[in-house]
Amino acid sequence: MPTRYDPLTAEPKWRAAWADADLYRTKSPEEAGDAPKAFILEMFPYPSGRLHMGHVRNYAMGDVIARHRRAKGHNVLHPMGWDAFGMPAENAAMENKVHPGAWTYDNIAAMKSQFERLGLSLDWSREFATCDAEYYGEQQKLFLKLLDKGLVYRKASKVNWDPVDHTVLANEQVIDGRGWRSGALVEQRELTQWFFKITAYADDLLTALDGLDRWPEKVRTMQGNWIGRSEGLQMRFSFDQPPTSVPPEFEAGIEIYTTRPDTLFGASFLALSPDHPLTKQLAQQNADIAAFRAACAKVGTSEEAIEKAEKVGIDTGLSVSHPFIDGKTLPVWVANFVLMGYGTGAVFACPAHDQRDLDFARKYNLPVRTVVLPPDEKPGDFAVGDTAYVGPGTLFQSEFLDGMTIEAAKSATIEKIEAMGCGQRSVNYRLRDWGVSRQRYWGCPIPIIHCDQCGVVPVPERDLPVRLPDDVSFDKPGNPLSHHPDWADVDCPNCGKAARRETDTLDTFVDSSWYFARFASANDLDERAYWLPVDQYIGGVEHAILHLLYSRFFSRAMRDVGEMDLPSGEPFAGLFTQGMVTHETYRSDDGRWVSPSEITRDGDAVTEISTGKPLTVGPVEKMSKSKRNTIDPDTMIETFGADVARFFTLSDSPPERDVEWTQSGVEGAARFAQRVWSLFDAMPEDAATVQVSGKSDLRKYNHRAVAAIDKAVEDFRFNSAVATLYEWVSTLKKSEQPDQQADRAEGCQQLARCLVLFMPHLAEACWHRIGGSGLVAAATWPDIDASLIVDETVTLPIQVNGKRRSQLEIAKDAPQTDIEAAALADADAASFLQGKTVKKVIVVPGRIVNIVAT
RNA sequence: GCGGAUGUGGCGGAAUUGGUAGACGCACUGGUUUUAGGUACCAGCGCCGCAAGGCGUGGGGGUUCGAGUCCCUCCAUCCGCACCA
């Protein structure tokens, strides 16, 4: 009597069995012996309180890898924790009058129970939350070590101020001029902030990208662009004015940076940023310049502003001397398109060969002088109109550079400037130092005390961790720590006088920049050198720049302060970025978004259940609360079981691409689960003990299926592995002949051990059903008999003039002449050769035969 | 503007050393069983054509005995960065 598999009763039972067996506990290096280590890590979640399908997909992928490695004899570290500091907890505190800590730990408890229902092979013994004082205390120690090493510093700087969240944002957190969380237009403010000196590693962070061969090309490119290295010349233009007209600090001249020193003879003016120190000085004496600066500040950094920003400027009245042309002077302008944050905040403009400079020159009638001659142009004829020439060519109208290529001219110019002593070859990066001060409560306190006498004093190690106070109020905007009545009041550790704690906390990206190292050295074991780097890291591509770059910086910084034995400084040897889980959207006539749980579908027609009215089916989009197109993992688990939910997220699309959640697709996965069960349910109860030999077609198929799944998992082609599982189950179900039963039993033994990566509970039930010993979750990967993978005979397609016409069965090692003869003798092929002369027969052994005839 | 990817049936996708295009799943069609329905099982399913056959991997061109795969070119979509000198 066939039975049905009931995941709701089976899944908790097998999870309990795994827990009893303590299967997923990480072994120490000593216990592991010669077994290779495998640190498999998925980006740890923010404890929002609810798991979403994106989590399920992410952790299902990591679980496949972890289980695969474990089955292949690796010592696996597969931990989980919580990225627990951040704004949502404070928002909850403001809205619901709950303490951020209580809110966070409640969420963690709720999410952990959801996690447990998924049946992931995680070692929870290393769990921590970044808001645990033990964790952030260690982070404070790290901060002080980096401070000591000069990798942390304080400076007054213009910052991105989020007027809604009342906090500072890193450049990376400003998207289109708006705060990445609040969406509010960001303002510029001048504050004293703590910075991590990520630029100290700019060059290494860039060049080391080449070595990250198990990272997606896309991520490496994005990081490369973000770091943005450029090579050029930094040089000084001296003023030709009498000294009195120039502010004293700038008497030496104006420093500029350029990547096109070859165009120096085409220079027509200098342009200063509105925020350049010289501009500020001049603004104090010149009302027009002051007004111009004010106008630029108002434009801000909003999307539209930059989009339309016309190039505007103002003449300072100053002029500088051209370094190579005696008596030639260049006017100095202030221009809105020059950024203070890049290079020196001042440029020389060569309008003929730079579009921005050209736009500006045309507007203000400044000279345009060409110095690079395109190939095929004659010196007399060549001129630029409204489009600058930026292509290749040779130098002309440039004295000693005439006739040189651009590259040669760059070098020659730099050498000459260096010889003249007014500049040098220089490398510039787009990357800025990382501002980490945040005016928030729910973050890691910066372990610093400000003393009127002693200045900035680190909190002594014995006083760490600097704990967050519990008694805080959120009724005022801004930082609750600075509103606290006495938390900040301390005695200076140096002189003992009354002093004040730093009330800023660290950017939460700091918390996630080294958590992997904490996992590696949990339980007071210093196993960092053993476990690091992470062998396989898996997470969303949205972290391609920030989190991954900061982590790479931190690993280097920690290495350099002796916190981590990781010579390369690379924390993640392998990185995989998975796609999102998407769903159709539904909208009612009156514009409401309608949840998938509130609809019925008949073919293409979708109806809202409550109103009975038709809905418009919108585009497939990332699951989000705002579009109401989310599917709740809990509901799925209660309906189909965790295995089916996990399986579906891996089955339909390649893992790096988005997967569309569909009801019918999930039902297909659920049907598959039942088919698997019915296969095993029809097997003898001792099928797991059957041993076979021989070379039947079914045995060959079984062993090839194992090999195919092995390879697909290895290559992150989970959807292909799933396809093989489907096919394999169908093949085994059809193998009903009496003489196939032993081989079928072997296939089932192997299938259970492959399936356990994807549907661990079901695989366990199947394994048990056929009398498998122990737990299949603890079983080793099936051995493959290599002799079964290769065929003695092969089926070769026969092509005539490149089109497949027939096929032939022939011994694998048949000589080419035999194959050729067999192909020419083939009746089907012959019918296509009538009236033609065979010119040539191409035999690719084991692949194909192609008869060329005319 | 710069950089990166992607483009294959009605849909998601497979084909990963240049060698049988469309595996597997979804949807759909027909059938069997049971039934109130779902379930389960069998068969079919790129396009044109009665067939023989022809045509087919975004468009066009090329290399090759042979191209989804390599080269050139154009188009479309998505993602990232964006006044970086």
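Below, each value reflects all heavy atoms present in this structure, side chains not excepted, and no hydrogens, waters or symmetry copies. In what follows, chains are A, B, ... by sequence order, proteins preceding strands, each numbered from 1.
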For this session: Would you mind telling me which of C83(B), G12(B), U39(B) lies closest to the side-chain atoms of R671(A)?
Result: U39(B)
Exercise. Around atom NZ of K839(A), are there more than 12 heavy atoms of other residues, nucleotides or ligands at under 6.0 Å?
Worked result: no
Problem set entry | Candidates G19(B), C65(B), C83(B) - which lies nearest the side chain of K840(A) | C65(B)
Exercise. Among the nucleotides C65(B), C26(B), U17(B), which one has an atom lying closest to any side-chain atom of R847(A)?
Worked result: U17(B)
For this session: Mind listing the residues from residues 706-714 of chain A sitting with a heavy atom below 4.0 Å of RNA chain B? Number order is fine.
Result: none
Exercise. Hey, does the side-chain of K839(A) have a donor or acceptor N/O within less than 3.5 Å of a partner on the base of C65(B)?
Worked result: no
Exercise. Can you give the dot-bracket line for RNA chain B, where a pair is Watson-Crick or G-U wobble with both atom distances under 3.5 Å, crossing pairs use [ ], and | marks a partner on another strand?
Worked result: (((((((..(((......[....))).(((((.......))))).(((....)))..(((((..]....))))))))))))....
Exercise. Taking the side chain of N719(A) as its heavy atoms from C-beta onward, which of A23(B), A14(B), G66(B) lies nearest to it?
Worked result: A14(B)
For this session: Would you check if the distance from the ring center of F640(A) to the ring center of F648(A) is below 6.0 Å?
Result: no
Problem set entry | Note: R293(A)-D275(A) ion pair, threshold 4.0 Å (strictly below) | yes
Exercise. Is E714(A) salt-bridged to K711(A), cutoff N-O under 4.0 Å?
Worked result: no
For this session: Compute the centroid of each ring, for W434(A) and then for F509(A), and state whether the two points are separated by less than 6.0 Å.
Result: no
Problem set entry | Candidates F758(A), Y5(A), Y726(A) - the one meeting ring-ring contact (aromatic ring centres under 6.0 Å, His included) with F672(A) | Y726(A)
Problem set entry | Closest non-hydrogen atom pair between G345(A) and V338(A), with its separation | O-CG1, 3.5 Å
Exercise. Which glycosidic conformation, syn or anti, is assigned to G9(B) if syn requires a torsion within 90° of zero?
Worked result: syn
Problem set entry | Whole-angstrom distance between U6(B) and C72(B), as gauged at atom P | 15 Å
For this session: Give the nucleotide from the list G53(B), A85(B), G25(B) with an atom nearest to the side chain of F832(A).
Result: G53(B)
Problem set entry | Within-4.5 Å side-chain heavy-atom neighbours: E584(A) and P596(A) | no
Problem set entry | Neighbour count above 12 (heavy atom, 6.0 Å) for K363(A) NZ | yes
Seminar exercise, completed: Checking A14(B), A85(B), A27(B) against the side chain of V338(A) (C-beta onward), the nearest is A85(B)
Problem set entry | Nucleotide nearest R356(A) when distance is taken to its side chain, options C84(B), G12(B), A82(B) | C84(B)
Exercise. For the side chain of I842(A), counting heavy atoms from C-beta on, which of A85(B), U20(B), G19(B) is nearest?
Worked result: G19(B)
Exercise. So what does R4(A) touch, heavy atoms closer than 4.0 Å: a base, only the sugar-phosphate, or nothing?
Worked result: sugar-phosphate
